[in-house]
2 protein chains.
Amino acid sequence: MKAQAPRVPLSRERVLRAAVRVADEGGIEALTMRRLADELGAEAMSLYYHVAKKDDILDGVVDLIASEINETVGQLAGPSAGAAWKAAVRRRILAAREVLLRHPWAPAVFETRAAASPAILRYYDELLGLMRDGGFSYDQAHHALHALGSRAIGFSQELFTPTSGAAGDVDQATMDMMAAQFPHLAGMLADIVHDDPASTLGWCDDQEEFEFGLDLILDGLERVRAG
Amino acid sequence: MKAQAPRVPLSRERVLRAAVRVADEGGIEALTMRRLADELGAEAMSLYYHVAKKDDILDGVVDLIASEINETVGQLAGPSAGAAWKAAVRRRILAAREVLLRHPWAPAVFETRAAASPAILRYYDELLGLMRDGGFSYDQAHHALHALGSRAIGFSQELFTPTSGAAGDVDQATMDMMAAQFPHLAGMLADIVHDDPASTLGWCDDQEEFEFGLDLILDGLERVRAG
DNA sequence: ACCTGAACACCGTTCAAGT
DNA sequence: ACCTGAACACCGTTCAAGT
């Protein structure tokens with residue numbers, strides 16, 4: 001049996017949507033031109049008729065995910081005037097985060113893109129709008145964006161996750177060695193385990209920690225706003 | 001003339017130092033096995049005798065940069081007990097940042113590494129030590145690390161830098177279009193330009209913004225500490 | 001013990017050629 | 001207008017072979 005010509009003709013739109021699908025299923029390293037063409041029932045070279053190069057695909061994919069975020073946060077409602085800005089911004093950021101959690105590979109791609117996509121610009125524009133509702137000056141809001149960093153759009157990069165990996169991975173010998181070399185890390189770990197002996201761990205850079213950091217910043221910003 | 005055998009024999013150490021040199025000069029995309037071998041006057045295949053694979057090199061490079069950070073912050077002095085913790089942590093983080101500014105490609109590599117390098121563990125261990133001096137519980141210090149995120153080691157990733165690129169790049173037509181589509185971004189930009197008409201711009205995610213965000217978080221943490 | 005040449009599988013991308 | 005086959009330059013990596 002021979003391969004059939006694709007029923008639906010290719011298009012930039014179809015290519016980008018397929019790219020998201022491939023990355024969702026196999027991670028970002030699965031996203032090669034040949035694998036992507038496969039997903040579309042075409043040859044790798046055919047893609048170049050619809051996109052300029054792979055970088056163009058990555059730009060488009062970022063814009064697509066950001067659009068998904070915009071659609072989600074677009075359904076949020078609630079007051080944002082005055083002191084209500086904080087709850088509104090918080091809601092918005094946590095909703096954006098939920099979208100990104102469905103595309104775990106996306107933050108890393110976001111970070112490699114230099115040019116801002118239209119959808120990302122829109123996201124930030126509306127975020128600024130909420131702050132303006134709260135009474136922030138543009139200068140204050142500008143600082144706020146920098147202070148939030150990638151948290152503004154729902155993720156935060158950690159260089160080192162204290163309890164990533166199951167706690168069971170660490171045997172007593174390594175634990176002792178670590179206690180000698182890194183007493184504070186060991187103490188912290190012991191404390192976390194002690195506080196929650198039933199926890200499976202491998203679960204601390206998650207929702208709770210994200211919200212702690214977010215609230216710390218939002219509270220600080222509220223203080224700036226209130227003068 | 002034919003190539004001479006390398007005078008100095010290869011070693012893991014030499015390979016890693018050469019890798020940092022190559023990345024410093026040509027960016028991370030210049031760091032290929034063949035280019036790295038060139039730098040050492042050897043063949044690409046020879047590297048595999050001293051390192052397991054490219055990933056191993058990247059792990060080693062991260063550890064090397066983190067060691068450079070540790071050496072730098074190791075020379076800092078000053079009190080850290082009680083309320084002095086904040087200044088001590090601030091000093092430490094800004095010193096780490098200076099090292100990373102000399103290796104602009106490094107943060108991106110840091111973020112791709114899952115396993116924590118010994119040098120990074122040491123950095124965090126000592127950072128935790130300063131917080132303990134300040135009176136933080138391990139649980140509080142744990143939250144603090146998450147709140148700081150990558151800022152703890154001196155950098156912060158932005159998804160979109162409001163005024164990256166020279167301001168002169170934006171002509172009036174694009175500015176008008178942007179004002180219609182993204183009123184708040186346009187307003188913010190106009191305000192920044194107005195506040196500092198002489199500024200060349202393209203210079204806002206820098207030191208000042210980093211310190212603003214850092215201080216916001218440190219102030220919030222101090223409030224947590226003081227209970 | 002340490003280094004290398006030839007080779008492999010896999011990238012992104014070009015280009016002339018097919019329909 | 002849209003798609004493809006063959007080919008190119010470049011990756012990381014293996015392995016048998018050199019000294």
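Every heavy atom of this structure was used, including side-chain atoms; hydrogens, water molecules and symmetry mates were not. Protein chains get the first letters and strands the later ones, always in sequence-line order, with residue 1 at the start of each. Quick caveat: nothing in here was measured; it's all calculated off a predicted structure.
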Checklist line | Which nucleotides of DNA chain D pair, in dot-bracket form (Watson-Crick or G-U under 3.5 Å, | meaning another strand) | finding: ||.|||||...|||||.||
Check: Counting any heavy atom closer than 4.0 Å, what does Ser46(B) reach on the DNA or RNA strands: base, sugar-phosphate only, or nothing?
Finding: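 Here Ser46(B) touches the bases of the nucleic acid.
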Let me know the distance between [atom1] of [X] and [atom2] of [N], rounded to the nearest Å.
{"X": "Arg12(B)", "N": "dC2(C)", "atom1": "CZ", "atom2": "P", "value": "15 Å"}
{"X": "Ile28(A)", "N": "dC11(C)", "atom1": "CD1", "atom2": "P", "value": "14 Å"}
{"X": "Asp38(B)", "N": "dC10(D)", "atom1": "CG", "atom2": "P", "value": "12 Å"}
{"X": "Glu43(B)", "N": "dG12(D)", "atom1": "CD", "atom2": "C1'", "value": "15 Å"}
{"X": "Arg35(B)", "N": "dA9(D)", "atom1": "CZ", "atom2": "C1'", "value": "18 Å"}

Can you find a heavy atom in the side chain of [X] that is under 4.5 Å from one in the side chain of [Y]?
{"X": "Glu211(B)", "Y": "Arg90(B)", "answer": "yes"}
{"X": "Arg92(A)", "Y": "Val89(A)", "answer": "no"}
{"X": "Phe212(A)", "Y": "His146(B)", "answer": "no"}
{"X": "Ile93(A)", "Y": "Phe210(A)", "answer": "yes"}
{"X": "Gln207(A)", "Y": "Leu94(A)", "answer": "yes"}
{"X": "Ile69(A)", "Y": "Tyr123(A)", "answer": "yes"}

Next item on the list: Give a yes/no on whether any side-chain N or O of His50(A) is located under 4.0 angstrom from OP1 or OP2 of dA1(D).
Entry: no
Margin query: Please confirm whether the shortest side-chain N or O distance from Tyr49(A) to OP1 or OP2 of dC3(D) is below 4.0 Å.
Written below: no
Check: Between Arg102(B) and Glu98(B), is the closest basic N to carboxylate O distance under 4.0 Å?
Finding: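 No, this pair does not count.
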Note to self: Can you classify the ring geometry of Phe155(B) versus Phe110(B) as parallel (below 30°), tilted (30 to 60°) or perpendicular (above 60°)?
What the structure shows: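 Ring orientation of Phe155(B) relative to Phe110(B): perpendicular.
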Check: Can a cation-pi geometry be assigned to Arg122(A) and Phe182(B), taking NZ or CZ under 6.0 Å from the six-membered ring centre and within 45° of the ring axis?
Finding: no
I'd like a list of close polar pairs between nucleotides 13-17 of chain D and the protein, N/O only, cut-off under 3.5 Å.
residue: dT13(D); atom: OP2; partner: Tyr48(B); partner atom: OH; Å: 3.1
residue: dT13(D); atom: OP2; partner: Lys54(B); partner atom: N; Å: 2.8

